[in-house]
Number of protein chains: 2
Amino acid sequence: MGKTLREKGKGTVKLRHAGLRPTRQRVELAGLLFKSCDRHVTAESLHDEVTGAGVKVSLATVYNTLHQFTEAGLLRQVIVDAARSYFDTNTGDHQHFFLESEGMLIDIPGETIAVAGVPAPPPGLSIDRVDVVVRVRRT
Amino acid sequence: MGKTLREKGKGTVKLRHAGLRPTRQRVELAGLLFKSCDRHVTAESLHDEVTGAGVKVSLATVYNTLHQFTEAGLLRQVIVDAARSYFDTNTGDHQHFFLESEGMLIDIPGETIAVAGVPAPPPGLSIDRVDVVVRVRRT
DNA sequence: TCACAGTTTAGAATCATTCTAATCCCGTTG
DNA sequence: CAACGGGATTAGAATGATTCTAAACTGTGA
Ligand SMILES: [Mn+2]
Ligand SMILES: [Mn+2]
Ligand SMILES: [Zn+2]
Ligand SMILES: [Zn+2]
């Protein structure tokens with residue numbers, strides 16, 4: 001049957017757990033982002049999607065939300081294109097194929113690629129993360 | 001003992017060989033870029049540098065030139081920061097450390113890092129290049 | 001020296017992203 | 001349940017890197 005009165009949905013719980021007030025906008029965006037696994041969105045694509053679903057959310061809020069989710073560890077930012085930022089619902093260790101002509105990102109599971117021989121960083125610096133981007137083109 | 005009349009300098013030769021007319025601006029910029037090896041510049045940093053050297057070159061020309069040099073294979077573009085584009089005088093196979101807080105790129109020679117296990121791209125796509133960015137932070 | 005295609009450039013335009021400051025609303029209190 | 005307070009949303013302006021436009025300039029071959 002339907003939701004009981006006390007049910008708030010997984011999205012709400014997830015947001016609360018992340019220390020974010022579950023507003024109508026955040027719940028809607030989280031619903032779209034985390035319904036299916038492993039999504040890669042831009043602010044604009046997510047705004048188009050939520051708007052297309054008949055929900056009114058400003059682009060500024062989409063930007064705010066993407067950054068807050070990232071800060072909270074729910075998303076991670078992927079830098080592959082000089083023109084726009086991508087946000088990834090897969091926060092685990094993994095890499096990407098990137099098809100620049102279509103702005104498409106495809107996950108490569110973390111265990112798949114092995115990076116060996118990374119030298120020690122210069123004194124005073126420590127490694128934050130190692131990103132691998134496999135740039136592909138239409139054949 | 002100075003240059004003879006027929007001497008035009010290496011920069012000019014390099015530009016001609018790349019099919020680019022050796023204008024005053026291009027010769028100046030090429031001089032700064034290729035005097036020492038392995039430089040990483042942004043349009044703004046290069047503009048500041050050429051301006052600081054007392055040479056008048058517009059920012060638009062710096063952008064034009066960086067793209068033309070890249071097109072000609074004299075530079076390669078490096079995408080590591082959502083905020084700005086870097087251009088690299090090292091066009092060979094190599095990877096980078098990137099210190100985001102200071103916008104600093106450091107080369108890692110191509111033979112140093114080995115990337116294994118890159119899966120075959122999805123049908124219809126072929127690999128263009130594999131970029132590795134080792135993101136570092138101040139300790 | 002001439003002519004012209006390629007170049008340069010000032011300034012406007014673009015575009016993603018951020019900022020402002022006014023309004024709104026979630027969660028708590030009484 | 002109504003009031004309250006601070007976080008959240010948002011329209012619109014602002015920012016900043018980059019690109020574009022159109023007019024002036026210049027390298028080069030004849
Ligand atoms: Mn759109
Ligand atoms: Mn500057
Ligand atoms: Zn991913
Ligand atoms: Zn480099």
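Residue numbers begin at 1 in each chain, while the letters A, B, ... track the order of the sequences.
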Quickly work out the Glu71(B) CD to dT7(C) C1' distance and round it to whole Å. 16 Å
Heavy-atom side-chain proximity of Leu74(A) to Thr70(A) below 4.5 angstrom: no
What is the distance, to the nearest angstrom, from the CD atom on Gln77(A) to the C1' atom on dA16(C)? 12 Å
Distance check needed: dT18(D) C1' versus Leu59(B) CG, whole Å only. 8 Å
Counting any heavy atom closer than 4.0 Å, what does His67(A) reach on the DNA or RNA strands: base, sugar-phosphate only, or nothing? sugar-phosphate
Length of the CG-P vector between Leu66(B) and dT18(D), whole Å: 9 Å
Can you find a side chain N or O atom of Thr61(A) that sits less than 4.0 Å from OP1 or OP2 on dT9(D)? no
For DNA chain D, whose closest nucleotide is more 5', that of Pro22(B) or that of Ala43(B)? Ala43(B)
For dT8(C), does either OP1 or OP2 sit under 4.0 Å from a side-chain N or O belonging to Thr23(B)? yes
Would you say the side-chain atoms of Arg24(A) pair up with the backbone N or O of Val57(A), donor to acceptor, closer than 3.5 Å? no
Just N and O in the side chain of Arg16(B): are any of them under 4.0 Å from OP1 or OP2 of dG27(D)? no
Do any side-chain nitrogens or oxygens of Ser85(A) fall under 4.0 Å of OP1 or OP2 in dT17(C)? yes
Touch class at under 4.0 angstrom, heavy-atom based, for Arg84(B) against every strand present: sugar-phosphate
What is the separation between atom NE2 on His47(B) and atom C1' on dA10(C), rounded to the nearest whole Å? 12 Å
Between Leu20(B) (CG) and dG6(C) (C1'), how many Å, whole number? 11 Å
Give a yes or no answer on whether the side chain of Tyr86(B) reaches the backbone of Gly103(B) with a donor-acceptor pair at less than 3.5 Å. yes
Within a radius of less than 6.0 Å around CD of Glu71(B), do more than 12 heavy atoms belonging to other residues, nucleotides or ligands occur? no
Ser101(B) versus Arg137(B): any side-chain heavy-atom pair under 4.5 Å? no
Would you work out how much the helix from dT1(C)-dA30(D) to dG30(C)-dC1(D) bends between its ends, with each end axis defined by five base pairs, to 10 degrees? 10°
What is the distance from CZ of Arg21(A) to C1' of dG7(D), rounded to the nearest Å? 4 Å
On the 0 to 90° scale, with breaks at 30° and 60°, tag the His94(B)-His40(B) ring pair as parallel, tilted or perpendicular. tilted
Looking at every strand, decide which applies to Ala82(A) at a 4.0 Å heavy-atom threshold: base, sugar-phosphate, or nothing. nothing
Looking at dA8(D), I'd like to know if its phosphate oxygens (OP1 or OP2) sit under 4.0 Å from a side-chain N or O belonging to Arg26(A). yes
Just by distance, no angles: are the side chains of His96(B) and Asp88(B) close enough, under 3.5 Å, to form a donor-acceptor pair? yes
Please determine, by modelled atom types, if Gln95(B) and Thr112(B) share a side-chain donor-acceptor pair under 3.5 angstrom. no
Looking at Gln25(A), does any N or O in its side chain come under 4.0 Å of the phosphate oxygens OP1/OP2 on dT10(D)? yes
Would you say dT18(C) has OP1 or OP2 under 4.0 Å from some side-chain N or O of Tyr63(A)? no
Nearest-Å distance, CG (Leu15(A)) to P (dT9(D))? 10 Å
